[in-house]
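All ligand and atom numbering here is 1-based and tracks the order in the structure.
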Amino acid sequence: MKVFVTGKLSQKAFDALQNFAQVDAYESDDPMPREEVEARLEGKDALVCILGDKIDAELFKKRPQLKLVANVAVGYDNINVSDANDAGVLITNTPGVLDNATADLAFALLLAAARRIVEADTYVRRGEWKGWKRELMLGAELNGKTLGIVGMGRIGKAVAKRARAFGLNIIYTRKADDKKTDDELKKTFDAKRVSLHDLCKQADFISINCPLREETRHLIGKAEFALTQPHCVLVNTSRGAVIDEEALVEALEQGKIASCGLDVFEREPNVPERLMKMPNVVLAPHIGSATKETRAAMDELAVKGLLEAFSGKLPANAVNPDVWKKFSARK
Ligand code: GLV
């Protein structure tokens with residue numbers, strides 16, 4: 001069988017893939033132009049791709065031999081799953097292995113924004129530091145405050161674990177109505193489930209950790225920023241479009257929140273000029289899972305799922321397991 005990879009895999013993952021299939025891989029670590037993906041996919045049975053690659057019906061139509069797409073990311077909003085179902089294409093993602101790295105980054109951004117680390121760094125480098133001052137770079141303390149976690153899944157829980165060590169009280173929202181999970185979260189983190197409305201009103205800090213779906217697009221917008229406290233610090237390590245970016249910029253300009261730390265944006269890699277100019281905003285280029293350990297684990301999980309699927313075993317990381325029968329018949 002033949003596989004195309006739209007970038008570089010870690011050696012271990014690449015070797016495992018090559019032992020199993022004929023592998024063609026994009027030579028660069030830069031995002032791959034769509035037309036080139038299409039061209040190189042000719043005659044390939046499977047694709048290993050990243051979150052910048054848009055996968056939809058148009059691609060499936062042009063490349064009918066394609067049977068599996070392994071997305072090396074936990075979020076798969078770059079893939080039209082309904083189109084994949086129609087085409088009988090199995091989709092896999094990389095859940096679980098990036099929870100700690102992403103939660104670490106959420107906390108790095110939260111601390112950086114709350115304690116004004118980037119501003120402070122710039123101040124020192126510019127030679128503006130003249131000595132200790134009582135009111136220099138005063139920020140917000142975490143201990144005893146309330147963190148609102150929007151989306152209490154695997155990554156949300158990893159954020160909660162860190163939050164407890166920082167002395168934060170936790171409130172959260174989650175999609176599924178599930179009393180058992182709420183009870184467990186109460187027991188483990190003393191966390192309380194609330195409505196999004198109450199979370200926005202009560203939280204001193206907010207961390208966005210839900211996936212981007214149709215129902216979470218612009219989940220945080222003008223109406224929510226009308227509820228937030230002016231000292232609130234917002235952090236997003238999920239997907240940019242969960243927040244209405246225009247409303248976020250306005251909220252910052254109008255002091256409806258104090259600051260934010262963003263790893264993700266609505267139109268990556270474009271970052272609004274107005275955000276770039278704000279000293280109270282910490283920006284990162286979508287690096288939530290970017291540790292050596294996690295990136296290797298993501299590659300390995302992606303390859304493992306692909307090998308399993310083509311060996312006749314439904315992988316645990318299949319996003320659309322319902323397509324398994326159709327996939328198996330096409331294999
Ligand atoms: C990264 O953003 C991911 O979804 O894995």
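Against a heavy-atom cut-off of under 4.0 Å, Leu98 is close to the following atoms of ligand 1: 5 (O). Ligand 1 places these atoms under 4.0 Å from at least one heavy atom of Gly75: 3 (C), 4 (O). Interface atoms of ligand 1 facing His286, defined by a heavy-atom separation under 4.0 Å, are 1 (C), 2 (O).
Looking at atom 5 (O) of ligand 1, its nearest protein heavy atom turns out to be Val74 N, 2.8 Å.
Inclusion of Thr94 in the set of residues having an N or O under 3.5 Å from an N or O of ligand 1 is not warranted.
Distance check: Ile91 CD1 to Leu47 CG gives 9.0 Å after rounding to the nearest 0.5 Å.
Asn169 meets the side-chain contact (heavy atoms from CB on, under 4.5 Å) test with Thr146, Arg164; sequence neighbours excluded. In terms of the ring pair (Phe, Tyr, Trp, His ring centres under 6.0 Å) criterion, Phe60 has no residue partners (sequence neighbours excluded).
Residue-level proximity to ligand 1 for Leu51 is carried by the side chain, the only part with a heavy atom below 4.0 angstrom.
Residues Phe166 and Leu105 are members of one and the same hydrophobic cluster, defined by side-chain heavy-atom contacts under 4.5 angstrom among Ile, Leu, Val, Met, Phe, Trp and Tyr. Leu111 and Ile117 end up in different hydrophobic clusters when Ile, Leu, Val, Met, Phe, Trp and Tyr side chains are linked at under 4.5 Å.
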